[in-house]
Amino acid sequence: MSGNGDTAVVIPAANEADRIAATVTAAAALPGVGLVVVVDDGSADQTGRVARAAGARVVRHSRNRGKAAAMETGAEAVRLLDEGGVSRHLLFLDADLGDTAQAAAPLIEPVRSGAADMTIAMFTTRVKLGGHGLVVRLSKEGIRRATGFEAAQPLNGQRCLTRAAFEAARPLAHGFGVETALTIDLLRKGFRVVEVEVDMAHRATGTDWRAQLHRARQLRDVARALAVREPVVVRNLDKFLPKR
């Protein structure tokens, strides 16, 4: 799957064999998309094989390296495939979107038309989450203090951006801090960032120990990203913690 569209989709994926085919198929049908790259981030299941069978170009990490590393790997794969041609815009999508990835077109249009340098998805259908919103509040406050931008869904990973904007944001912040850092870094450098409503949804996180560990990692990575960008937010971290 490597056509003439001016947009490439990059999908970081870890153990998503059950949903990745539907996500790839929906992403490939989006207007302007000529390439879908799946980064198999050390999966223990058949994620890579299923993605390749669905038509994606697949790059594999031998071990799990985290979301930001997968995004960088995917963007580099696109650059190599584009060598000698026009640099494509980059649309990052989560692997578990399934068929709802077909609703990502509104994210692409402002970037393709030159109206925005990066778009961020705002899901119109909100999935009930198992957490307390701690990480979201921390990210929102950090972005607001650093840039004045009031982000509605600051941790949303569905984003489309120009290649120039992506390169300006490198090196990406570690792990789950990547979205918060992307927004702050690009706004501070004068890039135009807009949020766009889309009718998409991904798997909700639960309340078991794996979900709690996932949220703890999110908190750690967002705090790290903010520590070098807006340290006052991290110093006041206790105000974001749920009251006992």
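One is the number of the first residue; the rest follow in order along the sequence.
Within the model, atoms CZ of Arg65 and CE of Met71 stand 13.5 Å from one another, a figure rounded to the nearest 0.5 Å. Taking CZ of Phe166 as the reference point, atom CZ of Phe191 lies at 12.5 Å (rounded to 0.5 Å). With rounding to the nearest 0.5 Å, the separation of CG in Asp199 from OG1 in Thr100 is 8.0 Å.
Counted by atom type alone, Gln218 and Arg215 present zero donor-acceptor pairs between their side chains at under 3.5 Å. Checking Glu179 against Asn156 by side-chain atom types alone, no donor-acceptor pair falls below 3.5 Å. Side-chain polar atoms of Arg60 and Ser43 form no donor-acceptor pair below 3.5 angstrom.
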Check your understanding: Between Thr147 and Arg188, is a side-chain contact (heavy atoms from CB on, under 4.5 Å) present by the stated rule, with each step listed?
Key -> CA-CA 7 Å; Thr147 67; Arg188 281 179 165 175; 4.2 Å; yes

Review point. Should Gln158 and Leu97 be marked as a side-chain contact (heavy atoms from CB on, under 4.5 Å) after you check the CA-CA gap, both sets of side-chain angles, and the distance that decides it?
Key: CA-CA 10 Å; Gln158 321 331 302; Leu97 291 170; 3.4 Å; yes

Review point. Step by step, would you call Arg229 with Thr180 a side chain to side chain donor-acceptor pair (under 3.5 Å)?
Key: CA-CA 10 Å; Arg229 291 169 176 83; Thr180 301; over 6 Å; no

Point to revise | Verdict with reasoning, Val196 to Val194, per side-chain contact (heavy atoms from CB on, under 4.5 Å) | key: CA-CA 6 Å; Val196 179; Val194 297; 4.2 Å; yes

Check your understanding: Passes side-chain contact (heavy atoms from CB on, under 4.5 Å), Arg217 versus Phe176? Steps please.
Key -> CA-CA 7 Å; Arg217 288 170 175 163; Phe176 296 108; 4.2 Å; yes

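You'll find the side chain of Val58 stays beyond 4.5 Å of the side chain of Val37, heavy atoms only. Side-chain contact between Cys160 and Leu90 is absent, with no heavy atoms from C-beta onward closer than 4.5 Å. At a threshold of 4.5 Å between non-hydrogen side-chain atoms, the residues Val198 and Met122 do not count as touching. Side chains of Arg144 and Phe149 form no contact here, defined as non-hydrogen atoms less than 4.5 Å apart. By the 4.5 Å heavy-atom criterion applied to side chains, Leu155 and Val222 are counted as neighbours. In this structure the side chain of Asp40 never reaches within 4.5 angstrom of the side chain of Val59, judged on heavy atoms. You'll find the side chain of Leu182 reaches within 4.5 Å of the side chain of Arg159, heavy atoms only. Here the side chains of Arg88 and Leu35 are in contact, with some heavy-atom distance below 4.5 Å.
For Arg19 and Glu16, the salt-bridge test fails: no basic side-chain N is under 4.0 Å from an acidic carboxylate O. Residues Asp94 and Lys67 are paired through a salt bridge, judged by an N-O separation under 4.0 Å between the basic side chain and the carboxylate. Contact check on Asp6 versus Arg112 returns a salt bridge, with a Lys/Arg side-chain nitrogen under 4.0 Å from an Asp/Glu carboxylate oxygen. Between Arg163 and Glu167, at least one side-chain N (NZ, or NE/NH1/NH2) sits under 4.0 Å from a carboxylate O, which counts as a salt bridge. Salt-bridge annotation for Asp117 and Arg192: present, with a side-chain N of the basic residue lying under 4.0 Å from a carboxylate O of the acidic one.
In the hydrophobic cluster analysis, where Ile, Leu, Val, Met, Phe, Trp and Tyr join through side-chain heavy atoms closer than 4.5 angstrom, Leu161 is grouped together with Leu81. Two different hydrophobic clusters hold Val228 and Leu187 under the rule that ILVMFWY side chains link at heavy-atom gaps under 4.5 Å. Val111 and Met200 end up in different hydrophobic clusters when Ile, Leu, Val, Met, Phe, Trp and Tyr side chains are linked at under 4.5 Å.
A donor-acceptor contact shorter than 3.5 Å links the side chain of Glu72 to the backbone of Leu172. Remark: side-chain polar atoms of Asn64 are paired, donor with acceptor, to backbone N or O of Asp41 under 3.5 angstrom. Looking only at distances, no side-chain donor or acceptor of Thr7 sits under 3.5 Å from a matching main-chain atom of Val33.
With Val50 as the fixed residue, the side chain to side chain contact (heavy atoms under 4.5 Å, CB included) test singles out one of Asp18, Ile20, Val24: Ile20.
Of all heavy-atom pairs spanning Ala225 and Gly177, the tightest one is CB-O, 3.8 Å.
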Please list, one pair per line, the donor and acceptor atoms closer than 3.5 Å that link side chains of residues 103-110 to other protein atoms, with sequence neighbours excluded.
none

